[in-house]
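Working notes, structure below.
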Amino acid sequence: MAVVPFHRVNVLTGIKASRIIEDPVQCADLILKARRPLLVLGAKLIEWSVDGKLALEYALDIARAARIPACGTAHVKGKMVELGVSPDSVYDAVEIVNALKDPDWRGVKKEGNHDLVIFLGVRSDLEEQCLSVLKHFAYKHLRTMTLDKYYFPHANYSLPNFKKDEQWRGFLEELIANLRKER
Amino acid sequence: MAEVVKELTRKEKEIRELVRAEIPWEPVGPTPMPGIADLRSWDMRLLKTYKPWYAPFCDLCCLCTYGKCDLSQGRRGACGLDIATQQARMILLACLMGCSAHAAHGGHILEYLIEKYGADKKIDMGTYIELEAPNIRTVTGLKPETLGDLKTVIEYVYKEITHLLDSTHFGQEGSYLDYESKALHASMLDHVGMEVADIAQIVGFDFPTSVADTPLVDMGWASVDESKPVILLVGHNPATSTTIIDYLRENGLYDKVEVAGICCTALETTRYSDRAKIVGPLSRQLFYVRTGIADVIVTDEQCIRTDMPIEGDKVGSRVIATLDKAMYGLEDATDWDTEEIVKRMVEDKKHFAILNTKKAAEVAAKVALQVAPQRRKRWITEEEAIELAKKCTNCGMCERVCPNLFSIGDGIVQVAKRNFDLIKEQFNQCIGCGKCEQECPNKVPIFKIMQVAASKETWKIRAGRGAVMDTEIRNVGAPITLGTIPGVLAFVGCSNYPDIDDVADMVYEFARRKYIVTLTGCAAMVAGMKKFENGKTVYELFPPEFDAGGVLNVGSCVSNAHISGAAIKIANIFAALPLRANYEVMADYVLNRVGACGIAWGAMSQKAASIGTGFNRLGIPVLLGPHSSKYRRLYLSRKEDDDWTVMDARKREIVDSGEPSPEHIAYVCETKEKAMVMIPKLCIRKNDTPQGRSIKLNHYISLYKKYMGGGLPEDVHLFIRRDADIPLVYKKEVRAYLKEIDWQPKEPVGLPTLIGTYPTKVPLEAVIH
Ligand code: SF4
Ligand code: SF4
Ligand code: SF4
C-alpha cells in the first residue's frame, strides 16, 4: 500500500512518489555522494525540540558534519545567530526553490547550482509544495531529500512517518555520526 | 503625437457607443472595454520579470476522458498540454470562479435595486467623491451615472467571462503565459465587478460613503444577546439581511430579535445598521453554528458551508437559503404562503429555499420568534468539557487531518486534566474546518469542547466606510509617491492563517510606523479581534482616515475595488494622468510609483485568488500566508538575475536600475515574523525621493533587526542609490557594509516607467505628467 503522508493535506495524486530512506547509513551515503548539496532550514526548527534539544541544533550538526551550506528561510536566521552560526544564505522557501529550479543558477556559494537539496523544518504543506516545484521543474539537474519527521511524497528521498520523536532523533543522531565518520 | 487614422470596426463602434465616447470628460484611451488580447503585452512585460512559479498538487490532468494524463518529467497530455500550462489553466479557472462570484453578486444586487428604484437611479457617492468608479472608468471608459450604466458594465464582464472560460476547454490555449495573461484579465474584471457591486450597494442601501469615522460596532459572539431570538446571516450578499432589518424595524421587533452575521454579510449588515453584530470571520462559521445559538440561519452566497442544513439539523437551527446559487437541495418555497412556511419550519423543523427577499425576511423573523422559546441554548461548562474530553485516547488521528498542522488532541488531553491553556492557544490557530471531529475514532465532540476555549470577549470594529475620498487622495498623493508615507497596505482576504492574532499584530506594527493601513473582509474582522494597550483594538487606537497611521475598514470583499480604486485615484487625481480606457498607464504608474502592498495572510478562496491577481495586474504586489502555496502559482523574480531595466521618461532613455522594486508580486511567506520584514521592502518604489527612501529603508532595516537576529538585510545595497538614501540611524553601519562590498552609487531614475521597454500602443508621452 502506498504510504500516506503524516499530514493528509499532503497526499500525492500522481505517478512518482518519493523513495523512503530508513537507514541512516544509506542516507549519509546519498548526502556524501552529492557534489554540491544544500540544506534548507524552515521555521519549524525553532519551534520543535526533542528531549530539550532544539531541532535547529540537529540541523546545524548535520550541516557541520557534512560541510553542507545552509539556507535559513523565514526568520530562522535570528535563532541561528543566537546559536552563533550565520546562514550561508537567507531566502524564503519559495525563493530558494525559485532559484534552485534554474539549472544555470550559481548556487549559494556561487560555485554552480546544487545537485541535492535537503529540506528540514519547513511547515509541511509549504514544504510539500516546494518539493513539487522541484520535482516538476528541476528533475533534470536536482534531487530532493527531506529529513523531517514525516513522509513527503513529492521528494526524491524521504524519511518515513516516525511514530515517536525519539525514533526520529535516533535517525538524525546516527545520520550525523555517519556523516562525521564517512567524511 | 500624430494619430494613426484607421477605420473603426463594427465592434469598436459598438464599444464607443456603450461607453458614450462622444462625451468628452476625458479623451478615450487605447483600450475601452478591453478583450482578452488587448492588455496582453502589458501582462507579458510583467511576467518577464515576475515569472510564474508553479507548485503542482499532482502529476496528472483529469479534465477530459482522454486522461488521466501523466504530465510529470516533461510529458505532455493527449491534447499536447504540459504541466506548467495545466497549472496556469487551473489558476485561470480559480480566478474565473472568483470573478464570477463577485460579478454575479453585483449583477444580483443590481437586478434587485433596479426592480426597486428603476434603472435611472443616480449614482451619488457623496460630497467628497467625484471620481465614483475608478476601476470602471479605467477599464471600460464609461463614466457610470446610473444603476442602468452599471448594468452595461456588468454585462461586459459577463461576456468576457464566457470567452475566458471557453479558453479552458480541451485543446486550445497551449501557453502558460497566455493562460496567465487571461487570469490577469479575469482578475482585473473582478475588480470591475466588485466595484459595480459595492457602488450599487452604497447607492441602493444607503451605506456610508464620503465619511471616515463610521460607527464602531460590536464584534464577537459575546456581543450577541442569547436570551433573545437570534437570526444568523451567513455569506456576502446584503439584499436579504437589509430587508430583515427593515422588517424588524417596521414591525417594532428590532429590540426583540438579535441579528448577527458571519463573513462579509456581517460586515455589510453593520454598514446598514450599527446595531447588527459581527460574530466573526469564516473560520468561526462551523464552530458558531454548532453552538446552536442561532435560531434561524439565513444563507445567501459565497463562502457559506455546503452542509448548512445538515449542521442546522444537528442543533435544531432552521435554515433559509435565499439565493439560487446555494439551494442545498431544499424545497423551493418562494411561492408558498408565508404562514405555511413558518408553520412547517417551526413544527416540522424543516429548512427551505425562499428566493424572495421580503418573504425570506418575514419568515426568518417569525420563525426565530417562535422557535427561540422552545430551544435550550447554552455554552457547555468546564466540568462538562472535562468529562467529554476523557473520551480522547490521544490517538493522533485529528492531527493527521488538520490543515493547520497541529494536534488538537493534545489540547483535549490537557482539558481532561483540567488544564485549558493549550486548547485556548489552539483555538486561535483553528480555521474551523471540522475535519478533526469527523476523523476522530472515539467520537470526541471536539467543537463542543472548544467552547470552553472560545473567548467570551467582545471587540470593536469600525463599520465599513466604502471608497477613499478624493480629498484624502489630494492630501496624501504627494507623500505616498515621494515615499514619505512609507506605504499603503491592504490587508485582505479570508481566515486561513497560521494564527488568528497575526493580522492584528501586523496592522498594529505598521500603523504605529505611520503606514496607511486599509482592510476588507475577514481580514478586517480579525484585525479587530485583539486588544492592545488600554484594552483597545486597532480601530479604537488609530485614526480612521486615509492618512499616515490610519486604520480603515473599507468594507466587505467587494470593497476591495475601493483599494485598487484608491491606487488609480492617486495616478488620476494626484498625478493628473487621464484614466479613461487607459489601464496600462494606470497600472504602470501604480507599479513604479505607488508604494502599495496587499497582504492576503489568510487567503483561501478562489475569490481571494482573483482579488490578488487583479491587484497584480494593476502593479500592486501581494504577500500571502503559507497556505497560499496551495494556490499553486506565485509570481516571483530573482533579484540578482532578473531584468530591472526601466525607461526614464524624463531622459527618454532605458536604464538598468538594478533595483528589484517591487521584488515579487505574488509571494508566499512562511511566518508572520518574516512577513513583517518583507512588507516594508515590497513598498519600495524606484521613484522614492532620497528622504522617502531613507524612511522606507529605516523600517526595512529596523524590522529586519527585530526579527532576523540583527545585522543588515542581505540585499539592502540593492535599494541604496546614493548616500542620502541611507537612514540616519544606520548611517555608520550601512556605510561600512557598502564599503566592504565595494558598492557604487547610481543615479536615481527620474521618472520610471515600463512604457517604452516593450511593444505597446501607449506612447511615452502618456506617462509624463
Ligand atoms: S485535457 Fe489534455 S491533459 Fe487533461 S486529461 Fe484531457 S487530454 Fe489529458
Ligand atoms: S482523534 Fe479523537 S481520540 Fe484521537 S487524539 Fe484526536 S480527539 Fe483524541
Ligand atoms: S477544525 Fe481546527 S483543529 Fe480541527 S482539523 Fe480543522 S483546523 Fe484543525
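Here is how names work: the chains are called A, B, and so on, in the same order as the sequence lines, proteins then strands, and each is numbered from 1.
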Just checking, any donor-acceptor pair under 3.5 angstrom between side chains of His664(B) and Glu95(A)? yes
Could you check whether any side-chain N or O of Arg400(B) sits under 3.5 Å from a backbone N or O of Pro5(A), counting only pairs where one atom can act as donor and the other as acceptor? yes
Sort Ser637(B) into side chain, backbone, both or neither according to what part of it lies under 4.5 angstrom from a heavy atom of chain A. backbone
Please check this pair: side chain of Gln73(B) against backbone of Tyr139(A), looking for a donor-acceptor N/O pair closer than 3.5 Å. no
Do other residues, nucleotides or ligands put more than 12 heavy atoms under 6.0 Å from the NZ atom of Lys163(A)? no
Is Val76(A) in contact with chain B via its backbone, its side chain, both, or neither, using a 4.5 Å heavy-atom distance? neither
Below 4.5 Å, heavy-atom pairs only: which of Val94(A), Val11(A), Val9(A) has the largest tally toward chain B? Val94(A)
Counting heavy-atom pairs under 4.5 Å with chain A, which one of Ile83(B), Leu634(B), Val677(B) comes out on top? Ile83(B)
Could you give the distance from CD (Glu399(B)) to NE2 (His7(A)), rounded to the nearest 0.5 Å? 4.5 Å
Taking the basic N atoms (NZ, or NE/NH1/NH2) and the acidic carboxylate oxygens, is any pair closer than 4.0 Å for Asp70(B) and Lys16(A)? no
Who wins among Pro56(B), Cys669(B), Gly710(B) for the most heavy-atom pairs under 4.5 Å with chain A? Pro56(B)
When rounded to the nearest 0.5 angstrom, what distance separates NZ in Lys674(B) from OG1 in Thr73(A)? 7.5 Å
Calculate, to the nearest 0.5 Å, the distance between atoms CG and CG belonging to Asp104(A) and Asp641(B) respectively. 9.5 Å
Using non-hydrogen atoms only, which part of Asp642(B) is less than 4.5 Å away from chain A: side chain, backbone, both, or neither? neither
Distance (rounded to the nearest 0.5 Å) between Leu71(B) CG and His136(A) NE2: 8.0 Å
Ala675(B) versus chain A, the contacting section by heavy-atom distance below 4.5 Å: neither
Is the backbone N or O of Phe57(B) less than 3.5 Å from a side-chain atom of Ser132(A), with the two atoms forming a donor-acceptor pair by type? no
Against chain B, label Lys140(A) side chain, backbone, both or neither, depending on which of its atoms sit under 4.5 Å from a heavy atom there. neither
When rounded to the nearest 0.5 Å, the distance separating CD of Glu673(B) from NZ of Lys77(A) is 15.5 Å
Structural part of Phe6(A) lying under 4.5 Å from a heavy atom of chain B: both
Please determine if Glu640(B) and Lys110(A) form a salt bridge, counting it only when a charged side-chain N lies under 4.0 Å from a carboxylate O. no
Val81(A) versus chain B, heavy atoms under 4.5 Å apart: side chain, backbone, both or neither? side chain
Which of residues 144-161 of chain A have a heavy atom under 4.5 Å from any heavy atom of chain B? Tyr150(A), His154(A), Asn161(A)
Inter-residue atom distance Asp125(A).CG - Leu405(B).CG, 0.5 Å rounding: 4.5 Å
Segment of Leu60(B) engaging chain A (4.5 angstrom heavy-atom cut-off): both
Under a 4.5 Å heavy-atom cut-off, does chain A meet the side chain of Gln87(B), its backbone, both or neither? neither
Against chain A, residues from residues 702-709 of chain B with at least one heavy atom under 4.5 Å, in numeric order, are Tyr704(B), Tyr707(B), Met708(B), Gly709(B)
Are the side chain of Glu670(B) and the backbone of Ala74(A) linked by a donor-acceptor contact shorter than 3.5 Å? no
